[in-house]
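Here's the structure we're looking at; comments come further down.
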Amino acid sequence: MVEETVLMHKTQETAPMKLKMARPKPVYMWTVADTLKWLWRHCNERCVKYQELFQRHEITGRALLRITDEQTLYRMGIHDEKDRSDILREIIKQRLKTDIMEIRDMELMNNVYQNCY
């Protein structure tokens, strides 16, 4: 979601290149602002009206990943069933992406460890 950029120099002859790091910021490190940006990008236009609720409830990345059912969203103040369903679907997709990244990290570390011995 939130990506950092890095300036890299190839040689003195070439101008610096701006490259995106392949790795987005982990969801569990997201601030409330990052979560609001995620809501803006991934939920339909109707759901953007809930940004104030996410901000009022201080929904960080950790809190976002802990939302597991529509009832939690209802208690937050999202009363439209379709909107709750849409937001929950996007949260589940984000949780899945996070899980996949963690599995890849574990596999990478396992490969590094095995190559050392």
Side-chain angles (χ1 to χ4, degrees):
M1 201 238 44
V2 180
E3 294 180 349
E4 299 175 11
T5 58
V6 166
L7 286 178
M8 300 210 38
H9 297 278
K10 280 190 161 182
T11 64
Q12 291 180 349
E13 303 163 359
T14 60
M17 293 177 19
K18 191 174 183 181
L19 300 175
K20 279 191 175 181
M21 293 180 71
R23 195 87 177 170
K25 186 177 182 181
V27 178
Y28 60 85
M29 294 181 69
W30 287 2
T31 63
V32 173
D34 295 329
T35 305
L36 294 176
K37 189 183 294 185
W38 170 86
L39 184 67
W40 174 262
R41 288 182 177 174
H42 291 89
C43 295
N44 64 36
E45 294 171 358
R46 289 187 356 245
C47 294
V48 172
K49 63 186 173 190
Y50 300 118
Q51 285 187 327
E52 182 183 324
L53 291 174
F54 273 63
Q55 195 164 19
R56 185 178 330 139
H57 290 280
E58 298 180 1
I59 303 298
T60 62
R62 283 183 190 270
L64 184 73
L65 294 176
R66 289 184 181 134
I67 296 173
T68 59
D69 58 12
E70 289 187 27
Q71 188 61 34
T72 303
L73 295 171
Y74 184 84
R75 286 193 306 265
M76 282 177 56
I78 302 172
H79 299 291
D80 185 278
E81 186 177 347
K82 172 92 171 91
D83 292 348
R84 284 195 314 268
S85 177
D86 290 347
I87 292 171
L88 185 60
R89 184 183 334 91
E90 290 301 324
I91 291 171
I92 292 168
K93 285 167 47 176
Q94 187 61 53
R95 190 178 306 123
L96 181 58
K97 289 178 190 176
T98 300
D99 290 345
I100 289 170
M101 286 176 57
E102 288 180 11
I103 290 169
R104 286 182 181 162
D105 286 346
M106 287 188 293
E107 288 174 345
L108 180 64
M109 292 306 295
N110 188 34
N111 290 341
V112 168
Y113 180 74
Q114 288 178 352
N115 290 336
C116 290
Y117 294 101

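Heavy-atom basis, side chains included; hydrogens, waters and symmetry copies ignored.
- Around atom CD of Glu102, more than 12 heavy atoms belonging to other residues, nucleotides or ligands sit under 6.0 Å away.
- Heavy atoms of other residues, nucleotides or ligands lying less than 6.0 angstrom from CZ of Arg62 number 12 at most.
- Applying the 6.0 Å contact sphere to CE of Met101 captures more than 12 heavy atoms from other residues, nucleotides or ligands.
- Salt-bridge formation is detected for the pair Asp86/Arg89: a Lys NZ or Arg NE/NH1/NH2 atom is positioned less than 4.0 Å from an Asp or Glu carboxylate oxygen.
- Under a hydrophobic clustering in which Ile, Leu, Val, Met, Phe, Trp and Tyr are joined whenever their side-chain heavy atoms come within less than 4.5 Å, directly or via other members, Trp40 and Trp30 fall into different clusters.
- The CG atom of Leu36 sits 10.5 Å away from the CD atom of Glu52 when rounded to the nearest 0.5 Å.
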Q | Test log, rule side-chain contact (heavy atoms from CB on, under 4.5 Å), inputs Glu90 and Gln94 | A | CA-CA 6 Å; Glu90 290 301 324; Gln94 187 61 53; over 6 Å; no

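- Under a hydrophobic-cluster definition in which Ile, Leu, Val, Met, Phe, Trp and Tyr are linked whenever side-chain heavy atoms come within less than 4.5 Å, directly or via other members, Met29 and Phe54 are assigned to different clusters.
- For the pair Arg95 and Asp99, the salt-bridge criterion is not met [side-chain N within less than 4.0 Å of a carboxylate O].
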Q.
Could you walk me through whether Lys82 and Arg46 satisfy the side-chain contact (heavy atoms from CB on, under 4.5 Å) test, starting with their C-alpha distance in whole Å, then the side-chain angles of each, then the deciding distance to 0.1 Å, before giving a yes or no?
A. CA-CA 10 Å; Lys82 172 92 171 91; Arg46 289 187 356 245; 2.8 Å; yes

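- Tested against Leu64 for a side-chain contact (heavy atoms from CB on, under 4.5 Å), the candidates Ile87, Thr35, Asp34 yield a single pass: Thr35.
- To the nearest 0.5 angstrom, Trp38 atom CH2 is 5.0 Å from Ile91 atom CD1.
- How far CD1 of Ile78 is from NE2 of His57: 8.0 Å, rounded to the nearest 0.5 Å.
- A continuous path of Ile, Leu, Val, Met, Phe, Trp and Tyr side chains, each step under 4.5 Å between heavy atoms, connects Ile59 with Leu53, placing both in one hydrophobic cluster.
- The distance from atom CZ of Arg84 to atom CG of Asp69, rounded to the nearest 0.5 Å, is 10.0 Å.
- Once rounded to the nearest 0.5 Å, the distance linking OH of Tyr50 with NE2 of His79 reads 8.5 Å.
- A distance of 9.0 Å separates CG of Asp83 from SG of Cys43, quoted to the nearest 0.5 Å.
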